[in-house]
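The structure appears below as structure tokens.
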Amino acid sequence: MEKAKISINAENVISCIDKRLYGSFIEHLGRAVYEGIYQPGNPNSDEDGFRKDVIELVKKLNVPIVRYPGGNFVSGYNWEDGVGPKEKRPVKLDLAWFTTETNEFGMQEFQKWLDKVGSELMMAVNLGTRGPDEARNLLEYANHKEGTYWSDLRISHGRKEPYGVHTWCLGNEMDGPWQMGGKTPEEYGRVAAETAKLMKWTDPSVELVACGSSNSNMPTFGKWELTVLDKAYDYIDYVSLHEYYANYADDPESFLAENIGMDRFIKAVIAFCDAIKAIKHSDKTINLSFDEWNVWYHTKESDKKIEHWIKAPHRLEDVYNFEDALVVGGLLITLIKNSDRVRMACLAQLVNVIAPIMTNDEKAWAQTIYYPYYHASNYGRGKAVRVDISCGTYDSAKYKNVPYLDSVGVLNEEKREFTVFVLNRNLKDDITADIRFENLELKAEAEHIVMAGFGLKDANTAEHPDTVVPASKKVSGTSFTFPKASWNVLRFTY
Ligand code: AHR
């Protein structure tokens, strides 16, 4: 048994966490919308065609904000196609995913669904095949009260009150050659600035996210951020980060340390933002929106065989295993640790497409990654608090000197709770840690939620949806055991 020491001073506050850190994402892609959240005629669906079993699972996750409608999809999307009477909506080809889009589901339906799950909309505008004009029209449709062409059109579509969408993404992954209307950093910086300008003139209360690099390995990483920030700094509020993690080499030691890579990526983008701030002598700080993150690799090869132009194909339907859940737990710890600058993040995605929730025609179930996301979203609200750890380390092929334990705390003053999230990356040994708290008088008894004891490749499926689920026990004292390869949530009250 390995030993460790943990010390937590409740006054070592990193940030007041923005609840949007626990956001997610629904794109018109595969079966995320159709057969995922929306399936009229299915016995599990309500009067609006929304899957009730999915709504229940989403509500439990307490998802604060959902990015929509893409993703790559948004770069060829005409938002007008998805509003108004359904019988008039055009059927079109979607060149992002080579499917046929019926448009029977659009912004109106999505907002209605969001109201049912108690979540907020993060809307993306098309800066691929379109530009500032369509973006400001959409904003006028969504947020202007009445008395103009676009706001009155919304009212004629049955929505009297403005949607009041606060958070907007200025396009998606515009540096990617796979993107419809992909751009150079100079081109995108200009169009992002001009779009942002028009959007803020239309509604000064909105917050705008400019596209950063599609991932940290893009050839223009760094140059992209510096150029875009240089051109759009005064008009935008956030820059986006996207990254997906994989275990192609079947190397769990490296895979479980991927949140170290995420941390480096975040620190690099903060440096780019602050470099431009310094050059511009600006008072304004640009924060980060990590609005696509997850594990994604299980279906990358098999998806290449999907036939073109079919509706709602089974695409990106990764079946997540236990090690994926541990990695997602680690990534959540890193997001919370950086929550002073990463104010928003979206687990990509929410249903069926690289998702914590899966459906078939009979039921919906939770994948392994559902659980760490559930824990962070429900117990990770409040103030992020630094956790100091002294423990053993290991070298993996990709990352050196990796601490076996990773952890962060969250103080919820409203509920008088203190939660400690702990990942044990040690695949062979349990670790017992003494935890010393300062500046917080905790009650003796706590809850220890743990995901451990599974095979790394164990997964939840339609037939066996409860193979990998967390367990909970009451604990007391100052010494806690984190089993080998485990995700832990210690819930104290005070
Ligand atoms: O989330 C799946 C896809 O990944 C998104 O459409 C795109 O933005 C990213 O490359």
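Ligands are counted one by one from 1 in listed order, and the atoms in each one are counted from 1 as well. Here, residue 1 is the first one in the sequence, and each next residue gets the next number. Quick note: numbers below take in every heavy atom, side chains included, and nothing from hydrogens, waters or symmetry partners.
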*How close does the nearest protein non-hydrogen atom get to atom 2 (C) of ligand 1, and which residue and atom is it?*
Q349 NE2, 3.5 Å
*Which protein heavy atom lies closest to atom 1 (O) of ligand 1, and at what distance to 0.1 Å?*
Y244 OH, 2.8 Å
*asked:* Does K277 have more than 12 heavy atoms from other residues, nucleotides or ligands lying within 6.0 Å of its NZ?
replied: yes
_For atom 6 (O) of ligand 1, what is the closest protein heavy atom, and at what distance to 0.1 Å?_
E27 OE1, 2.6 Å
_For ligand 1, which is the ligand I care about here, please tell me if W296 has any N or O atom under 3.5 Å from one of the ligand's N or O atoms._
no
*Indicate, as side chain, backbone, both or neither, the part of W293 found under 4.0 angstrom from ligand 1 when only non-hydrogen atoms are considered.*
neither
*Return yes if a side-chain donor-acceptor contact under 3.5 Å exists between T359 and E35, otherwise no.*
no
*Region of V353 engaging ligand 1 - heavy atom pairs below 4.0 Å*: neither
*Heavy atoms from other residues, nucleotides or ligands near NZ of K19 exceed 12 (cutoff 6.0 Å)*: no
*For I354, take its heavy atoms, then give the atoms of ligand 1 lying under 4.0 Å from any of them.*
1 (O)
*Give the residue, atom name and distance (to 0.1 Å) of the protein heavy atom nearest atom 9 (C) of ligand 1.*
E292 OE1, 3.0 Å
*Please determine, by modelled atom types, if E120 and H166 share a side-chain donor-acceptor pair under 3.5 angstrom.*
no
*Atoms of ligand 1 less than 4.0 Å from N172 heavy atoms?*
7 (C), 8 (O)
*Among all protein heavy atoms, pick the one closest to atom 10 (O) of ligand 1 and tell me residue, atom and distance.*
E173 OE1, 2.7 Å
*asked:* Give the atom numbers and elements of ligand 1 that come within less than 4.0 Å of a heavy atom of F25.
replied: 1 (O)
*Report yes if the distance between the aromatic ring centroids of F221 and F265 is under 6.0 Å, otherwise no.*
yes
*Among all protein heavy atoms, pick out the one at the shortest distance from atom 7 (C) of ligand 1; state its residue, atom name and that distance to 0.1 Å.*
N72 OD1, 3.2 Å
*Considering only heavy atoms from C-beta outward, does the side chain of D18 approach that of S339 to under 4.5 Å?*
no
*With distance as the sole criterion, is a donor-acceptor pair present between the side chains of N172 and R67 under 3.5 Å?*
yes
*Of all the atoms in ligand 1, which lie at a distance below 4.0 Å from a heavy atom belonging to G71?*
5 (C), 6 (O), 8 (O)
*asked:* Quick check on the 6.0 Å ring-centre criterion: do F255 and Y248 meet it?
replied: no
*What atoms of ligand 1 come within less than 4.0 Å of a heavy atom belonging to W97?*
3 (C), 6 (O)
_If only side-chain N and O atoms count, and only distance matters, is there a donor-acceptor pair under 3.5 Å linking Q39 with D361?_
yes
